[in-house]
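Please read the structure below before turning to the comments.
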Amino acid sequence: MGFKRKHSRVDVGRGGRLQRGSLSAPCKILDISESGVRLESRLFVKSGDVLQLSIELERGGSVTCELKVVHV
């Protein structure tokens, strides 16, 4: 029997920015689900780190959230 995800993922393909303290780096948000987000970035992180994620929206808006790294 195969692994089944708890929540479906939605492809995003949108730019964003990760920040941890004074360190900041651009990222690409690949997909989002009700329970998490999958992204790519060159910012070094490890499981348990808490980061700020800012997602660029259309018309110049943005949304910012705090996230905890659970898988690298």
Which pairs, with at least one residue in residues 61-72 and sequence neighbours excluded, count as a salt bridge (Lys or Arg N to Asp or Glu O under 4.0 Å)?
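Sorted pair list comes back empty.
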
Under the salt bridge (Lys or Arg N to Asp or Glu O under 4.0 Å) rule, what pairs show up with a residue in residues 17-37, not counting sequence neighbours?
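Listed once each, the pairs are R9-D31, R20-D49, D31-R38.
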
S22: side-chain hydrogen bond (donor to acceptor under 3.5 Å, both in side chains) partners, not counting sequence neighbours
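For S22 there are no side-chain hydrogen bond (donor to acceptor under 3.5 Å, both in side chains) partners, ignoring immediate neighbours.
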
Residues which pass side-chain hydrogen bond (donor to acceptor under 3.5 Å, both in side chains) with S41, listed by chain and number, not counting sequence neighbours:
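Partners of S41 under the side-chain hydrogen bond (donor to acceptor under 3.5 Å, both in side chains) test: none.
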
Checking one residue: L53. Which other hydrophobic residues are in its cluster under the side-chain 4.5 Å linking rule?
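Members besides L53, by chain and number: V12, L18, L23, I29, I32, V37, L39, L43, V45, L51, I55, L57, V63, L67, V69, V72.
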
Other hydrophobic cluster members with V70, side-chain heavy atoms of Ile/Leu/Val/Met/Phe/Trp/Tyr under 4.5 Å, chained?
none

May I ask you to decide if G21's main-chain N or O and Q19's side chain share a donor-acceptor pair within less than 3.5 Å?
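Flag set: sc Q19 to bb G21 pair under 3.5 Å.
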
If only side-chain N and O atoms count, and only distance matters, is there a donor-acceptor pair under 3.5 Å linking S54 with T64?
yes

d(E40 CD, C27 SG) to nearest 0.5 Å is 9.5 Å

